[in-house]
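One structure is given here, and the rest of the page talks about it.
Both counts, for ligands and for their atoms, begin at 1 and track the order of listing.
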Amino acid sequence: MSTTKAYAAQTATTPLAPWNLERRMPTPYDVQIDILYCGVCHSDLHTVRNEWGGTVYPAVPGHEIVGRVTSIGSHVTKYKEGDLAAVGCLVDSCRECNNCKKGLEQYCLNGSVGTYNGKDKHSGGVTYGGYSKRIVVHEDFVLRVTDKSPLEGIAPLLCAGITTYSPLRHWKVGKGDKVGILGLGGLGHMGVKLAASFGAEVTMLSHSPSKEADAKKLGAHNFLLTKDESQLKKMKGYFDFILDTVSAPHEYNTYLDMLSTNGAMVCVGAPTTPSQVYAFNLIMNRKTLAGSLIGGIPETQEMLDYCAANNIVSDVEVIDIKDINKSYERMLKGDVKYRFVIDMATL
Ligand code: NAP
Ligand code: ZN
Ligand code: ZN
């Protein structure tokens with residue numbers, strides 16, 4: 001084992017603070033990575049504060065990890081010391097079930113292992129994420145990143161990027177489609193960039209009037225203020241596809257009403273309380289309400305390669321790790337453009 005500096009929450013109500021964790025020494029198939037940057041996802045906050053239940057403490061969040069390989073196990077073939085590498089939301093799965101065989105490790109039928117707060121098969125405890133100096137991961141769950149884009153802008157692709165890319169691809173969003181992206185935060189801003197790059201007509205659906213100019217800079221063609229009933233009414237039946245990235249409880253019926261015939265609304269935002277849906281909102285015009293979880297390893301690599309080829313990175317504000325608790329408060333207020341990324345050199 002080797003001791004690694006980290007930031008952890010000791011309970012649901014205490015702030016994140018320095019803590020030392022133990023990482024395993026690389027086994028024959030493991031890659032050890034020195035973490036350079038780690039993005040701050042709203043899921044980190046939900047987990048740290050136990051808003052979804054099931055958090056094990058101490059909790060070390062962080063699943064938007066980029067860094068450099070410092071050591072490899074004897075059987076590792078895909079990476080060598082000195083390579084840039086990334087780790088997203090998953091560090092393991094069974095690799096044998098039908099979903100794993102299809103590259104849908106996030107839906108592993110035997111339970112995929114999250115990068116943090118997952119069941120660690122090696123330690124018998126929980127996994128610890130990227131708010132730390134170093135991570136050790138099986139090479140099958142390590143990803144390649146380009147050295148042509150800024151690393152801090154790549155980090156958020158590992159969750160915000162793939163979580164929006166995967167449903168946009170699965171529902172075949174492209175030219176001629178009218179797409180609404182609901183919520184302009186970390187996920188939402190990547191949703192806008194990706195949907196626009198796929199050729200769709202993109203409308204930003206936001207409750208923050210101050211974000212209109214930014215939404216257009218990010219690639220949105222239209223901006224709609226969700227607090228303004230009269231603007232909403234005009235959009236009845238308009239969208240082929242709505243991607244819902246909102247973290248707080250909200251009314252799904254409002255947006256289902258804006259779908260066209262055969263339209264789909266896909267929830268990736270994960271509020272902590274349920275929303276009621278009227279069956280008629282789905283029955284009329286054969287609408288779909290669906291969900292989507294991050295993305296599998298092959299698709300995550302596909303997304304990273306796509307973003308590298310098309311110069312797509314996240315818009316970030318780089319922070320010192322000592323400011324992480326303040327950043328959570330700012331994220332809750334929507335005061336981030338559009339992803340905090342921790343410079344791990346500050347740990
Ligand atoms: P974020 O950066 O905090 O963005 C959330 C956005 O939601 C805000 O920017 C805001 O956009 C909107 N919002 C916030 N509070 C609101 C309120 N009270 N009413 C209406 N809109 C509100 O969060 P994120 O990191 O993008 O994550 C978003 C959600 O996705 C979280 O619940 C997270 O856990 C979840 N998530 C899911 C997956 C998955 O695999 N499905 C993966 C990652 C994250 P506007 O100001 O534009 O309205
Ligand atoms: Zn995330
Ligand atoms: Zn599996």
Seminar exercise, completed: heavy-atom search around atom 25 (O) of ligand 1 in the protein gives R339 NH1, 2.6 Å
Exercise. Going by the order shown, which atoms of ligand 1 are within less than 4.0 Å of some heavy atom of T245?
Worked result: 28 (C), 29 (C)
Exercise. Do the side-chain N and O atoms of S2 and R134 include a donor-acceptor pair separated by under 3.5 angstrom?
Worked result: yes
Exercise. Taking only heavy atoms of L187, which atoms of ligand 1 are found under 4.0 Å from at least one of them?
Worked result: 24 (P), 25 (O), 26 (O), 27 (O), 30 (O), 36 (N), 43 (C), 44 (C)
Problem set entry | Test item: side-chain donor near acceptor, S112 and E105, under 3.5 Å | no
For this session: Return the residue, atom name and 0.1 Å-rounded distance of the protein heavy atom closest to atom 24 (P) of ligand 1.
Result: H42 CB, 3.6 Å
For this session: Using a strict cut-off of 4.0 Å, indicate which atoms of ligand 1 neighbour a heavy atom of S206.
Result: 45 (P), 46 (O), 47 (O), 48 (O)
Problem set entry | Nearest protein heavy atom with distance in Å, relative to atom 40 (O) of ligand 1 | I294 N, 2.7 Å
Problem set entry | Ligand-residue contact atoms, ligand 1 with S292, heavy atoms, under 4.0 Å | 39 (C), 40 (O), 41 (N)
Exercise. Please state which protein non-hydrogen atom is closest to atom 44 (C) of ligand 1 and give its distance, to 0.1 Å?
Worked result: S43 OG, 3.2 Å
For this session: Just the protein N/O/S atoms under 2.8 Å from the Zn ion (ligand 3), please, no waters.
Result: C94 SG, C97 SG, C100 SG, C108 SG
Exercise. Does M204 come within less than 4.0 Å of ligand 1, judged by its heavy atoms?
Worked result: no
Problem set entry | Check: Y57 ring centroid to W19 ring centroid under 6.0 Å | no
Problem set entry | atom 46 (O) of ligand 1: the protein heavy-atom neighbour that sits closest, reported with distance to 0.1 Å | S208 OG, 2.4 Å
Problem set entry | the Zn ion (ligand 2): angle it makes with NE2 (H63) and SG (C41), nearest 10 degrees | 120°
Exercise. Does K211 reach ligand 1, in the sense of a heavy atom lying below 4.0 Å from it?
Worked result: yes
Exercise. In terms of atom number and element, which parts of ligand 1 are under 4.0 angstrom from non-hydrogen atoms of V268?
Worked result: 30 (O), 35 (C), 36 (N), 37 (C), 38 (C), 39 (C), 41 (N)
Seminar exercise, completed: Counting from 1 in the order shown, the ligand 1 atoms closer than 4.0 Å to a non-hydrogen atom of L293 are 40 (O)
Exercise. Quick one: does G334 get a heavy atom under 4.0 Å from ligand 1?
Worked result: no
Exercise. Numbering the atoms of ligand 1 from 1, which are under 4.0 Å from a heavy atom of C159?
Worked result: 42 (C), 43 (C)
For this session: Name the closest protein heavy atom to atom 15 (N) of ligand 1, giving the residue it belongs to and the distance to 0.1 Å.
Result: A248 CB, 3.7 Å
Exercise. Does ligand 1 have an atom that lies less than 4.0 angstrom from a heavy atom of A160?
Worked result: no
Exercise. Can W52 be said to touch ligand 1, with heavy atoms closer than 4.0 Å?
Worked result: yes
